Amino acid sequence: MALKPAEVEKIAHLARLAIDPADVEGYARNLSDILAFVEQLEAVDAGDVTPMAHPLEATQRLRPDAVTETDQRTHFQACAPAVEAGLYLVPRVIE
Amino acid sequence: MHTKTLAELARGLRDRSFSSEELTRHYLERIKRFDGELNGFITLCEDTALAQAREADIQLSSGRPGPLTGIPFAHKDIFCTDGVRTSCGSRMLDNFIAPYDATVTARFKQAGAVMLGKTNMDEFAMGSSNETSWYGPVRNPWDRDTVPGGSSGGSAAVVAARLAPAATGTDTGGSIRQPAALCGITGLKPTYGRVSRYGMIAFASSLDQAGPMAASAEDAALLLQAMAGFDPRDSTCVDRPVDDYSAGLNNELKGLRIGLPKEYFGAGLDAGTAKAVEAAIEELKKLGAEPVEISLPNAGLAVPTYYVVAPAECSSNLSRFDGVRFGYRCENPRDLEDLYKRSRGEGFGPEVKRRIMIGTYALSAGYYDAYYLKAQQARHLIADDFKAAFEKVDVIAGPTAPNVAFRLGEKVDDPVTMYLSDVFTIAVNLAGLPGMSIPAGFVEELPVGLQLIGNYFDEARLLNVAHRYQQVTDWHTRIPKGFE
């Protein structure tokens, strides 16, 4: 599967990645190579093999519904790019 | 001091031949002298290391030290360390001072070990050469023009050069074993779920696993003992007792059945590497092991399967880096979408972007069944091959990597060729099995790794085989020129 530059731009948008227009061609080439490589899997006759969810066939553990974390907002916000009054600041969303 | 094993260092500390502070200073001095050319460390923690060493010296004199009390180690920069930058090799986290400790970090602290610094790695552990790091490539101490392997390239290089007696690594598709092979050290990837992933920055959550990197199997056993165990904070961590990894190191290998997968000795394996691996298997035979030819018929599916599963999980895991709560934020965002897109576009390097895009594509509407579902089915076939093999054999042996260390820059423009560096290691992650790499000779003065693969939770047996081999060989004691 060869990806066209427009498809790379669409994928980059879905992944919320800004790509320099000069790099789009290069990504189209690399990503197409990778997809061509993984397309070997098409030849596999997997029939009704169950898709693997966990190597040890373990299921998700449940824990008691109890509060285990303490409030550390100030501590965790210390590494945020911009905060004010305990809130994360982002550009205006609603005009 | 830097030629001693961990057990010897621990003994020296306990009988007061030297203090932890002296030992720590010795390694810090070696790092300052040699790491400029290797680039193995991203962050050196001189002050906190010396404080931890002094604390350990008090423990040592109070008479209740553990096996790692006062022992210095290097920590892969993927593990969160409270108050210390945790970059994951990325510009995205260049400014990230972790606000908490990973469970592995906490366990080393509790054991009284001394963290020398955080080691260089491929960005977000995505790479096989350590060339995708935002902090520049690591150089292989055996030949500065070659790569150390990746993604735990910094950890492998600093242990090989004896700038640290031991290190941590993580392995999603070979990231402990392949650099261990290329740098001539011992590395072990435990069974999926044996070591907690809490606070270990996620790449592909169904594959990621932390493990020890050291000069010998005996040392790796001591480190794994400190790392392994149940952690309620990781929902995939397995609640099962931890073996005593040192107790059985000297067990006899008589009658041990070693499976040799014919798929691991065919096309694509360098002739010199094959010769060294075959010689290592001869040594194991001399120790009483019995080789059994086996087949892993779906081995060829491992790399393509991995490059659907791992990018899919990566695209999901890395969506948390949005420039809002922590990490890199672009300058003057126009609006929220611009903030997300440019923070991520500028914060991530090209290989991480490639993998996010492959994963996004594979998971997008209309493609899920063809890529992700198919890959998870292939993954089952791969795991079933191993299951069948372990009915006939106790361990599996083969090469860790198809070649010795390659030259810096050689594969960097060709992702698919780079991905094939992990052709022998990836299946182990897909199946969730434990695997290790040990030094097994040289090709043109570059180290070769022997890979040993065990059944689920059979880490103790892998360490036993590796230790017996290291009792009759001296590859693991060799130190690269200039670092003696």
Side-chain angles (χ1 to χ4, degrees), chain A residues 1 3 7-8 10-20 23 26-27 29-31 33-63 68 72 75-83 88-93 95, chain B residues 95-97 99 192-193 206 232 235-236 238-239 300-301 303-305 307-308 315 319 322-327 329 333-342 344-346 348 350 353-354 356-358 360-361 364 370-371 373-381 383 415-416 419 431-433 456:
Chain A
M1 167 103 197
L3 290 179
E7 290 171 295
V8 171
K10 186 181 168 216
I11 299 166
H13 168 69
L14 290 174
R16 299 297 184 271
L17 284 173
I19 303 284
D20 190 322
D23 295 334
Y27 279 111
R29 209 169 36 246
N30 284 160
L31 299 181
D33 285 351
I34 297 166
L35 290 174
F37 176 72
V38 304
E39 270 158 21
Q40 293 174 56
L41 291 176
E42 276 177 17
V44 179
D45 179 14
D48 52 1
V49 175
T50 325
M52 191 182 216
H54 188 288
L56 305 168
E57 281 159 34
T59 48
Q60 208 68 281
R61 231 180 9 255
L62 294 176
R63 65 167 177 83
T68 53
Q72 300 185 67
H75 182 50
F76 291 154
Q77 286 191 333
C79 58
V83 286
Y88 293 97
L89 290 190
V90 295
R92 180 183 294 276
V93 178
E95 293 300 330
Chain B
N95 62 2
F96 178 61
I97 309 295
Y192 181 74
S206 78
S235 66
T236 58
V238 178
D239 191 357
L301 299 179
V303 184
T305 299
Y307 278 98
V308 175
S315 72
S319 64
D322 58 2
V324 175
R325 290 155 303 155
F326 56 91
R329 173 182 284 204
R334 278 193 314 277
D335 51 32
L336 193 58
E337 185 168 295
D338 186 49
L339 169 87
Y340 291 151
K341 284 188 171 177
R342 279 201 295 124
R344 289 164 61 77
E346 293 163 19
F348 293 136
K353 281 187 237 176
R354 276 197 281 271
I356 289 175
M357 286 195 278
I358 288 288
T360 302
Y361 179 76
S364 60
Y371 288 103
L373 205 67
K374 193 70 183 271
Q376 291 290 50
Q377 286 182 306
R379 194 173 170 186
H380 221 144
L381 296 173
V416 174
Y419 296 170
L433 293 163
Y456 297 107

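Every value quoted in this text rests on a predicted model; they were computed, and no experiment measured them. Chain letters run A, B, ... following the sequence lines, proteins first, then strands; residues in each count from 1.
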*Measuring heavy-atom distances to chain B, does I11(A) have an atom under 4.5 Å in its side chain, in its backbone, in both, or in neither?*
both

*Over all atoms of both residues, closest heavy-atom pair of Y192(B) and L56(A)*: O-CD1, 3.4 Å

*Could you look at L339(B) and say if it's the side chain, the backbone, both or neither that has a heavy atom under 4.5 Å from chain A?*
side chain

*Closest approach of H380(B) and T50(A), non-hydrogen atoms and distance?*
ND1-O, 2.6 Å

*Using non-hydrogen atoms and a 4.5 Å limit, figure out which bit of L3(A) sits close to chain B: side chain, backbone, both or neither.*
side chain

*Can you say whether S319(B) sits under 4.5 Å from chain A via the side chain, the backbone, both, or neither, judging by heavy atoms?*
neither

*Can you tell me if R344(B) uses its side chain to pair, donor with acceptor, with the backbone of R16(A) under 3.5 Å?*
yes

*Minimum heavy-atom distance between R354(B) and N30(A), given as atom pair plus value*: NH1-OD1, 2.9 Å

*With chain A, which of R379(B), R325(B), E346(B) has the greatest number of heavy-atom pairs at distances under 4.5 Å?*
R325(B)

*Using modelled atom types only, decide if a donor and an acceptor are shared between the side chain of Q40(A) and the backbone of F37(A) within a distance under 3.5 Å.*
yes

*Below 4.5 Å from any heavy atom of chain A, which atoms of A370(B) appear? Answer side chain, backbone, both or neither.*
neither

*chain B contact via L17(A) - side chain, backbone, both or neither, heavy atoms under 4.5 Å*: both

_Quick check for you: among A46(A), G26(A), A43(A), G47(A), which has the greatest number of heavy-atom pairs under 4.5 Å with chain B?_
A46(A)

*asked:* Under 4.5 Å from any heavy atom of chain A, what part of V324(B) do you find: side chain, backbone, both or neither?
replied: both

*V8(A) side chain near I19(A) side chain, heavy-atom distance below 4.5 Å*: no

*Specify which of D338(B), L433(B), I356(B), D335(B) makes the most heavy-atom pairs with chain A at under 4.5 Å.*
D335(B)

*Part of S235(B) within contact of chain A (heavy atom distance under 4.5 Å)*: both

*Give the member of P350(B), G300(B), A378(B) that has the highest number of heavy-atom pairs under 4.5 Å with chain A.*
P350(B)

*Contact part of Y88(A) toward chain B, heavy-atom cut-off under 4.5 Å: side chain, backbone, both or neither?*
side chain

*asked:* Take a 6.0 Å sphere around CG of D20(A) and say whether it holds more than 12 heavy atoms from other residues, nucleotides or ligands.
replied: yes

_Under 4.5 Å from any heavy atom of chain B, what part of H13(A) do you find: side chain, backbone, both or neither?_
both

*With a 4.5 angstrom heavy-atom cut-off, could you sort out which part of P333(B) is near chain A: side chain, backbone, both or neither?*
both

_Side-chain donor/acceptor of Q377(B) to backbone N/O of P51(A), under 3.5 Å_ = no

_Is it true that, when you exclude R61(A) itself, more than 12 heavy atoms of the residues, nucleotides or ligands shown sit nearer than 6.0 Å to its CZ?_
yes

*Search all heavy atoms of V83(A) against all heavy atoms of A80(A) and return the closest pair with its distance.*
CG1-CB, 3.7 Å

_Minimum-distance pair of heavy atoms, taken over all atoms of G327(B) and P81(A)_ = O-CG, 3.8 Å

*Quick one: of Q72(A), H54(A), R63(A), who has the most non-hydrogen atom pairs under 4.5 Å with chain B?*
H54(A)

*asked:* Using modelled atom types and a 3.5 Å cut-off, is there a donor and acceptor pairing between side-chain atoms of K341(B) and backbone atoms of A15(A)?
replied: no

*When only pairs under 4.5 Å are counted, which of Y361(B), Y307(B), F326(B) shares the most heavy-atom pairs with chain A?*
Y361(B)

_Quick check on Y340(B) against chain A: is it the side chain, the backbone, both or neither that has a heavy atom closer than 4.5 Å?_
both

*asked:* Is V303(B) in contact with chain A via its backbone, its side chain, both, or neither, using a 4.5 Å heavy-atom distance?
replied: both

*Side chain, backbone, both or neither: which part of E39(A) has an atom under 4.5 Å from a heavy atom of chain B?*
side chain

